[in-house]
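Input: a single structure, listed below in structure tokens.
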Amino acid sequence: MHDNARVDTTGSESAARAAGQGHVQLLDKAAALLDCLARDGELSGARLAEALGEPRSSVHRLLDGLRAVGYVEPGSRRGSYRLGLKLFRLGSSVPGRFDERAAARPVMERLHAQTEQTIFLTVRSGFEGVCIERVDGRWVQNMALQLGGSLPLHVGAGPRVLLAGADDAFVDAYLAR
């Protein structure tokens, strides 16, 4: 090659960018599928395709891939799917990384002893409040926010406190959404 020769890489660079975007779109679809199963329990491939607004064939290919890595498994009914146990193992490893839980637990226990109410430790994740610890109340078992569960920031006392403590730019973005 001559010193002044130029190599045109724009085609390959844009192809690489497009491939990267394709992977992100695929991950978005996989996450949306997993969210549907988390919300609804078991669903058929057809119901998932309808919920996702995707062709059945695409959803079944995605389900096959997620099944291969253990993220989904066959449901109790023929043709239905549910979250796989591998996701439980992965999710169970997350709470251990939060030092906030260890620091907050004694305070939560004292609050519970004084009030006998359910006490939540909630952190903000995007536009949701995620429960990372809870101490169940004496009389009422609150089922709306389970350990590891999430609620929009405008729902429930804990998530509302997180929204109230956020900066103005975040609140504006939340309200716009």
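Quantities reported herein were computed from a predicted structural model and do not represent experimental measurements. The analysis underlying the following values was restricted to heavy atoms, covering all of them including side chains, and did not include hydrogens, waters or symmetry mates.
Hydrophobic cluster of L85: no remaining members, since no ILVMFWY side chain lies below 4.5 Å from it.
The side-chain heavy atoms of L121 and R105, taken from C-beta on, include no pair separated by under 4.5 Å.
For CG of D168, the number of neighbouring non-hydrogen atoms (other residues, nucleotides, ligands) closer than 6.0 Å is 12 at most.
The hydrophobic cluster containing V161 does not contain V123, counting ILVMFWY residues as joined when their side-chain heavy atoms lie under 4.5 angstrom apart, directly or transitively. Both L162 and F127 are part of a single hydrophobic cluster, where members link through side-chain heavy atoms under 4.5 Å apart.
The line from CD of Q117 to CG of D136 is 11.5 Å long, rounded to the nearest 0.5 Å. Taken from CE in M108 to CZ in R134, the straight-line distance is 9.5 Å, to the nearest 0.5 Å.
Of all non-hydrogen atoms in P106 and A102, the two that sit nearest each other are CD-O, 3.3 Å. Shortest non-hydrogen contact noted between S125 and V130 is CB-CG2, 3.7 Å.
For residues 111-126, the salt bridge (Lys or Arg N to Asp or Glu O under 4.0 Å) pairs, not counting sequence neighbours, are E116-R138.
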Check: residues 170-177 side-chain donor-acceptor pairs under 3.5 Å, at least two apart:
{"unit_1": "Y174", "atom_1": "OH", "unit_2": "L153", "atom_2": "N", "d": "3.0"}
{"unit_1": "Y174", "atom_1": "OH", "unit_2": "H154", "atom_2": "N", "d": "3.1"}
{"unit_1": "Y174", "atom_1": "OH", "unit_2": "H154", "atom_2": "ND1", "d": "2.7"}

Pairs under 3.5 angstrom only: tabulate donor-acceptor contacts from the side chains of residues 35-55 to other protein residues two or more places apart or in another chain.
{"unit_1": "E42", "atom_1": "OE1", "unit_2": "S76", "atom_2": "N", "d": "3.0"}
{"unit_1": "E42", "atom_1": "OE1", "unit_2": "S76", "atom_2": "OG", "d": "3.1"}
{"unit_1": "E42", "atom_1": "OE1", "unit_2": "S80", "atom_2": "OG", "d": "3.2"}
{"unit_1": "E42", "atom_1": "OE2", "unit_2": "S76", "atom_2": "N", "d": "3.0"}
{"unit_1": "E42", "atom_1": "OE2", "unit_2": "S76", "atom_2": "OG", "d": "3.2"}
{"unit_1": "E42", "atom_1": "OE2", "unit_2": "R82", "atom_2": "NH1", "d": "3.4"}
{"unit_1": "S44", "atom_1": "OG", "unit_2": "R47", "atom_2": "N", "d": "3.1"}
{"unit_1": "E54", "atom_1": "OE1", "unit_2": "K29", "atom_2": "NZ", "d": "3.4"}

Exercise answer: donor-acceptor pairs, residues 60-72 side-chain atoms, under 3.5 Å, sequence neighbours excluded:
{"unit_1": "R61", "atom_1": "NH2", "unit_2": "S58", "atom_2": "OG", "d": "3.4"}

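Every residue two or more places apart in sequence or in another chain that forms a side-chain contact (heavy atoms from CB on, under 4.5 Å) with E128 is listed here: S150.
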Could you walk me through whether L34 and L87 pass side chain to side chain contact (heavy atoms under 4.5 Å, CB included), step by step?
-> CA-CA 10 Å; L34 294 172; L87 286 175; 3.9 Å; yes
